[in-house]
Amino acid sequence: MRTTSRLESENNFYTKFTNPRLTLVEFYMRFESELDAQRHTQGQFDNDSKHKHPECKTSFALEKHASKIYTVLVFYDFQEELEIGCFQCGLEEYKKENGLEIFTIRERCRIRKFDVSFNPANLDSKCMCKMFERLGIPCRHMVWVWKAKMIEYIPDAYVLNRWTTLATKTPIFDLEGNILEACVNFVDCKRMLNELWSEIHTCVSLAQGNEEDLTDLVKNLKGLRLNLEAKKSSKNHENNGSPSKATDIELLIGATLPTEIVVKPPKISKNKGRGVHVPGTGSHKRLKDDKEKAIEQSKKKKRLCRGCGELGYRP
């Protein structure tokens, strides 16, 4: 990736959720939300690559091998190249030079021809179109050569790890260059799962022609399943004292549930009418306007002021 491409990618990422008026706290919260959205999308893609098997359009072993190693989106790109290479490309010229086989490939709808050099010793292939160097996906001309040479798998040198289903499962190294133990355990577990599926498929293929063997295989698998379910249920009973959901929430927010509740419920307030009535505060009467106050004042008896000697209302 070029420096300009990396800069454009960063600008596209930040301009989705930032503006010049954001505070530092708002920027951090939006940044975390955008990262969560990216992780969610990545998780969806990983789930699709793990549980969904793309449909193959041909019976070639190359396509079946690509459907197992590539992600779904990358596989569809390779499938297009394979389909064009198998059905729209042909051989124009063939020659040998310095131990290499040179194939001149032509396409049905293009005038230009492409030379592909192939080394039968190590399956090294190079095409003039440079598609593999640009995109990391084998081009249609290389696929045609592999099909002609009866190669049933994509050579390892032409399978980039970034396009495979295990791209995010590569080992993580610490600052000293040592592989973290968790990554090693995950890779070993993944390898064991692959071996398990391989053994299961082999057993099924060996027993599918004999009904008695199939019955024994199903019986043994059921016995193994019951043993695993019993072990799992016993572990669940042992882990009943493990941290509950409330404990997990306390760890998440960084605070524990108080044993004594200090905050009490608020006092009951009756808001019916124009005034606010709060029991125990003396404000049992509603608020009066100036007209009502004047009427009540006029009904009161006037009193003689000793200072000025005039009649008036008591304030």
Requested in this report: Return the minimal non-hydrogen interatomic distance between Ile154 and Trp146, and the atom names on each side.
Outcome: CG2-CZ3, 4.1 Å

Report task. Would you confirm whether Arg134, through its side chain, and Lys130, through its main-chain N or O, come within 3.5 Å as a donor-acceptor pair? Result -> yes

Query raised in the report: Can you name the salt bridge (charged side-chain N to carboxylate O under 4.0 Å, His left out) partners of Lys64, sequence neighbours left out?
Result: none

Query - Audit row: Lys147, Cys86, side chain to side chain contact (heavy atoms under 4.5 Å, CB included) steps and yes/no - result: CA-CA 8 Å; Lys147 175 178 174 293; Cys86 293; 3.5 Å; yes

**Report entry** Considering all heavy atoms, the nearest Thr165-Tyr70 contact
**Finding:** CG2-O, 3.6 Å

Query - Asn210 (side chain) donor-acceptor with Glu212 (main chain) under 3.5 angstrom - result: yes

**Report entry** Test: Glu26 and Arg30 ion pair at under 4.0 Å
**Finding:** no

Query raised in the report: Around atom CD of Glu152, are there more than 12 heavy atoms of other residues, nucleotides or ligands at under 6.0 Å?
Result: no

Report task. Test side chain to side chain contact (heavy atoms under 4.5 Å, CB included) on Glu107 and Gln88 and set out the steps. Result -> CA-CA 6 Å; Glu107 297 183 32; Gln88 298 185 21; 5.9 Å; no

Requested in this report: State yes or no: do Leu160 and Met142 share one hydrophobic cluster built from I, L, V, M, F, W and Y residues joined by side-chain heavy-atom distances below 4.5 Å, directly or via other members?
Outcome: yes

Report summary line: Residues at least two apart in sequence or cross-chain that pass side chain to side chain contact (heavy atoms under 4.5 Å, CB included) with Leu35, listed by chain then number, are Phe13, Phe31, Gln38, Arg39

Report task. Could you grab the distance from atom CG of Asp124 to atom OG of Ser117, nearest 0.5 Å is fine? Result -> 6.5 Å

**Report entry** Nearest atoms (heavy-atom pairs only) where Ser125 meets Phe118
**Finding:** OG-CD1, 3.3 Å

**Report entry** Separation between CD1 of Ile84 and CZ of Arg108, rounded to the nearest 0.5 Å
**Finding:** 10.5 Å

**Report entry** Minimum side-chain heavy-atom gap Asp77-Leu73 below 4.5 Å
**Finding:** no

Query raised in the report: Quick one: does Tyr94's side chain get under 4.5 Å of Ile102's, heavy atoms only?
Result: no

Report task. Please report the C-alpha distance between Thr215 and Val218 in whole Å, then the side-chain angles of each, then the deciding distance to 0.1 Å, and finally whether the side chain to side chain contact (heavy atoms under 4.5 Å, CB included) criterion is met. Result -> CA-CA 5 Å; Thr215 304; Val218 172; 6.0 Å; no

Report summary line: Looking only at heavy atoms, the pair that brings Thr58 and Leu82 closest together is OG1-CD2, 3.7 Å

Query raised in the report: Is it the case that more than 12 heavy atoms not belonging to Asp156 sit under 6.0 Å from its CG atom?
Result: no

Report task. Go through the structure and list residues passing side chain to side chain contact (heavy atoms under 4.5 Å, CB included) with Leu24, not counting sequence neighbours. Result -> none

Requested in this report: Supply the atom-to-atom distance Lys222 NZ to Asn227 CG, rounded to the nearest 0.5 angstrom.
Outcome: 14.5 Å

Requested in this report: Can you measure from OG1 (Thr18) to CD (Glu34) and round to the nearest 0.5 angstrom?
Outcome: 10.0 Å

Query raised in the report: OG1 of Thr104 to CD of Glu93: how many Å apart, nearest 0.5 Å?
Result: 4.5 Å

Query - Heavy-atom side-chain contact between Gln297 and Lys300 under 4.5 Å - result: yes

Query - Greater than 12 external heavy atoms within 6.0 Å of Asn11's CG - result: yes

Report task. Can you sort out the partners of Cys129 under side chain to side chain contact (heavy atoms under 4.5 Å, CB included), two or more places apart, ordered by chain and number? Result -> Phe114, Cys127, Met131, Cys139, His141

Query raised in the report: Is the number of heavy atoms from other residues, nucleotides or ligands under 6.0 Å of Glu133 CD greater than 12?
Result: yes

Query raised in the report: Does Gln79 reach the main-chain N or O of Ser67 with its side chain, forming a donor-acceptor pair under 3.5 Å?
Result: no

**Report entry** Considering all heavy atoms, the nearest Gly99-Asn119 contact
**Finding:** O-OD1, 4.3 Å

Query raised in the report: Do Lys96 and Glu101 come within less than 4.5 Å of each other through their side chains, counting heavy atoms only?
Result: yes

Report summary line: Distance col, row Leu22:CG vs Asn19:CG, nearest 0.5 angstrom, shows 4.0 Å

Query raised in the report: Looking at Tyr158 and Leu123, what are the two nearest heavy atoms and their distance?
Result: CE1-O, 3.7 Å

Query raised in the report: Do Leu135 and Met128 belong together in a cluster built from hydrophobic side chains that touch within less than 4.5 Å?
Result: no

Query raised in the report: Are any non-hydrogen side-chain atoms of Leu91 and Ile105 less than 4.5 angstrom apart?
Result: yes

Query raised in the report: If you draw a 6.0 Å radius around CZ in Phe17, do more than 12 non-hydrogen atoms from other residues or ligands fall strictly inside?
Result: yes

Report task. Go through the structure and list residues passing salt bridge (charged side-chain N to carboxylate O under 4.0 Å, His left out) with Lys95, not counting sequence neighbours. Result -> Glu97

Requested in this report: Establish whether Val74 and Phe60 are linked, either directly or via other cluster members, by ILVMFWY side-chain heavy-atom contacts under 4.5 Å.
Outcome: yes

Query raised in the report: Who are the salt bridge (charged side-chain N to carboxylate O under 4.0 Å, His left out) partners of Glu211, not counting sequence neighbours?
Result: none

**Report entry** Electrostatic pair Glu83:Lys57 at N-O distance under 4.0 angstrom
**Finding:** yes

Requested in this report: Before giving the answer on side chain to side chain contact (heavy atoms under 4.5 Å, CB included), spell out for Phe87 and Trp144 the whole-Å C-alpha distance, their side-chain angles and the decisive distance to 0.1 Å.
Outcome: CA-CA 9 Å; Phe87 301 109; Trp144 189 95; over 6 Å; no

Query raised in the report: Are any of the side-chain heavy atoms of Thr71 and Thr164 separated by less than 4.5 Å?
Result: no

Query raised in the report: Is there a side-chain contact between Phe103 and Lys149 (heavy atoms, below 4.5 Å)?
Result: yes

Query - Phe45 with Phe75, same ILVMFWY side-chain cluster at under 4.5 Å - result: no

Requested in this report: Indicate, with yes or no, if Tyr76 and Val143 share a hydrophobic cluster defined by side-chain heavy-atom contacts under 4.5 Å among Ile, Leu, Val, Met, Phe, Trp and Tyr.
Outcome: yes

Report task. Flag yes if more than 12 heavy atoms outside Phe27 fall under 6.0 Å of its CZ atom; otherwise flag no. Result -> yes

Query - More than 12 heavy atoms of other groups within 6.0 Å of Glu55 CD - result: no

